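Protein chains get the first letters and strands the later ones, always in sequence-line order, with residue 1 at the start of each. Predicted, not measured: the structure shown is a model, and the values here were computed from it.
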There are 2 protein chains.
Amino acid sequence: MNDRRTVFKTLRDLGIRLTPQRILILDILRKGNAHMGVEEVHAKARTRFPYIDIATVYRTLHLMKKIDVVTEVAIGERLHFELTHPDRKHHHMVCTCCGKAFNLAPEYLERFGEQIHRDFSFEPDVRNFTIKGKCSLCADKFEKSDSIL
Amino acid sequence: MNDRRTVFKTLRDLGIRLTPQRILILDILRKGNAHMGVEEVHAKARTRFPYIDIATVYRTLHLMKKIDVVTEVAIGERLHFELTHPDRKHHHMVCTCCGKAFNLAPEYLERFGEQIHRDFSFEPDVRNFTIKGKCSLCADKFEKSDSIL
DNA sequence: TTAGTATATGCAATTGTTCGCAACAGAATA
DNA sequence: TATTCTGTTGCGAACAATTGCATATACTAA
């Protein structure tokens, strides 16, 4: 799975160097129990490694995303990331009203993706897929005071 | 539908003012036959209205998106927009490899959205929904020279 | 252990997007 | 038509994210 050791091996096998910065960032994501913002990761990293630059955090997170070690989650406006757990994969439904995120079992999108592939031979990447919308609570609120703007 | 006159009426009814800048931007989108980037819209607008600011373009496009007059399309990294045609609505499949965009009939996502709503009482906003992935051509290319990075 | 090399980093500069604010200008009213 | 009210604009500054470049460092092979 994506425990420390396995990830390190994955990186080595791909010729990606194991720098202290990268190890630190991965450890921070592992300890953070949910998706984290870039600034959040950077702040935590600085407490142990004061000279780490935000650019390094961005570069590392994007690299890890490319090799599927972390997953990008579209929460709010800014980028958020979390470690990819193959055994508890899930997608997200984010309420654009209150910002809360709900997990979604992977089958929903997988079935959907397979259908797209069958019909168009387009291979959708459902890994980083976030559904935006309104949660039931906010939908209720809206019905009463429904200002569109 | 979304012809000039109807849009103007929609804006008035919502208390949104009809400024020359907004009219210009809408006309540019109408003439542009597909989705356009923000900078592209700004450049075109300047030829007729040299002092228009890029911030106004951004604000106008976001406003029009909120009232469903334009649709945001996630092509590449930057924001793209197109006029919403209720009679020829579609979603997009964008190839992350070659950047090409393919249209997708609306039923696919509508059925999917309805299911989500039934199962979780979460109301997904499928209006601005872009599916990223790999088109069949790029998938073929990739099989031969599959470098992951 | 050391030397050599390609990759990764920190820093500064850049790009794309948004925001705050004073001045301006639609639209409703008289 | 003149007046008033409020939404909108342009400008400059702020912010988030990315990039170029010179230096530093992880890894490989000897």
Side-chain angles (χ1 to χ4, degrees), chain A residues 7-26 28 35-43 45-46 48-67 69-70 72-81 96 99 128 147-149, chain B residues 7-26 28 35-43 45-46 48-67 69-70 72-81 96 99 128 147-149:
Chain A
V7 170
F8 289 178
K9 190 178 176 325
T10 308
L11 300 187
R12 275 239 184 65
D13 290 351
L14 288 167
I16 294 173
R17 290 189 186 158
L18 258 141
T19 65
Q21 292 92 330
R22 285 175 176 170
I23 294 171
L24 179 53
I25 289 169
L26 286 171
I28 286 169
H35 38 77
M36 297 176 79
V38 177
E39 195 51 64
E40 203 180 343
V41 175
H42 184 219
R46 272 171 117 161
R48 283 213 267 153
F49 204 118
Y51 293 111
I52 192 170
D53 195 83
I54 187 94
T56 303
V57 178
Y58 276 106
R59 282 189 282 231
T60 301
L61 290 171
H62 282 139
L63 177 64
M64 297 301 147
K65 175 189 163 190
K66 212 181 295 187
I67 61 175
V69 167
V70 312
E72 188 182 327
V73 189
I75 305 284
E77 308 300 309
R78 316 218 189 102
L79 303 179
H80 282 240
F81 296 87
T96 49
N128 308 307
S147 63
I148 299 174
L149 303 180
Chain B
V7 169
F8 290 179
K9 190 176 175 328
T10 308
L11 299 187
R12 275 237 185 67
D13 291 351
L14 288 166
I16 294 171
R17 289 190 188 158
L18 251 126
T19 64
Q21 291 93 330
R22 286 175 176 170
I23 294 171
L24 179 53
I25 289 170
L26 285 171
I28 287 169
H35 37 78
M36 299 176 77
V38 176
E39 195 50 63
E40 204 179 344
V41 175
H42 185 218
R46 272 171 117 160
R48 284 213 268 152
F49 204 116
Y51 293 111
I52 193 170
D53 195 84
I54 187 95
T56 302
V57 178
Y58 275 105
R59 282 188 283 231
T60 302
L61 290 171
H62 282 137
L63 177 64
M64 297 301 146
K65 176 189 164 190
K66 212 181 294 185
I67 60 174
V69 167
V70 312
E72 188 182 326
V73 190
I75 306 285
E77 308 300 308
R78 316 219 189 102
L79 302 179
H80 281 240
F81 296 86
T96 49
N128 308 307
S147 62
I148 297 175
L149 302 181

Tell me whether the OP1 or OP2 atom of [N] has a side-chain N or O from [X] closer than 4.0 Å.
X	N	answer
T19(A)	dT9(C)	yes
R59(A)	dA8(C)	no
Y51(A)	dG10(C)	no
H62(A)	dT18(D)	yes
R17(B)	dT8(D)	no
T56(B)	dG10(D)	yes

Could you give the [atom1]-to-[atom2] distance, from [X] to [N], as a whole number of Å?
X	N	atom1	atom2	value
L79(B)	dA17(D)	CG	C1'	13 Å
L14(B)	dT6(D)	CG	C1'	16 Å
E40(A)	dA17(D)	CD	C1'	17 Å
L24(A)	dT25(D)	CG	C1'	17 Å
L63(B)	dT8(D)	CG	C1'	10 Å
Y58(A)	dA16(D)	OH	P	7 Å
E39(A)	dA16(D)	CD	P	7 Å
R12(A)	dC27(D)	CZ	C1'	9 Å

Using a heavy-atom cut-off of 4.0 Å across all strands, would you classify [X] as base, sugar-phosphate, or nothing?
X	answer
Q21(B)	sugar-phosphate
P50(B)	nothing
H42(B)	nothing
R22(A)	sugar-phosphate
I54(A)	nothing

Test side-chain contact (heavy atoms from CB on, under 4.5 Å) applied to V57(A) and T60(A), D53(A), L61(A), the passing residue: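 By the side-chain contact (heavy atoms from CB on, under 4.5 Å) criterion, V57(A) pairs with just one of T60(A), D53(A), L61(A): L61(A).
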Option among I23(A), L63(A), T19(A), I67(A) that satisfies the side-chain contact (heavy atoms from CB on, under 4.5 Å) test with L11(A):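 Testing each of I23(A), L63(A), T19(A), I67(A) against L11(A), the sole residue satisfying side-chain contact (heavy atoms from CB on, under 4.5 Å) is I67(A).
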Shortest non-hydrogen contact between [X] and [Y], atoms and distance:
X	Y	answer
H42(A)	I52(A)	NE2-O, 3.0 Å
R17(A)	R22(A)	O-NH1, 2.8 Å
V69(B)	L26(B)	CG1-CD2, 4.0 Å

Selected nucleotide, minimal atom distance to D53(B) side chain, candidates dA8(C), dT19(D), dC11(D): dC11(D)
Upstream residue (5' side of DNA chain C) when G15(A) and R78(B) are each assigned their closest nucleotide: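 That would be G15(A).
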Donor-acceptor under 3.5 Å (H35(A) side chain, A74(A) main chain):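 Between the backbone of A74(A) and the side chain of H35(A) there is no qualifying donor-acceptor contact (under 3.5 Å).
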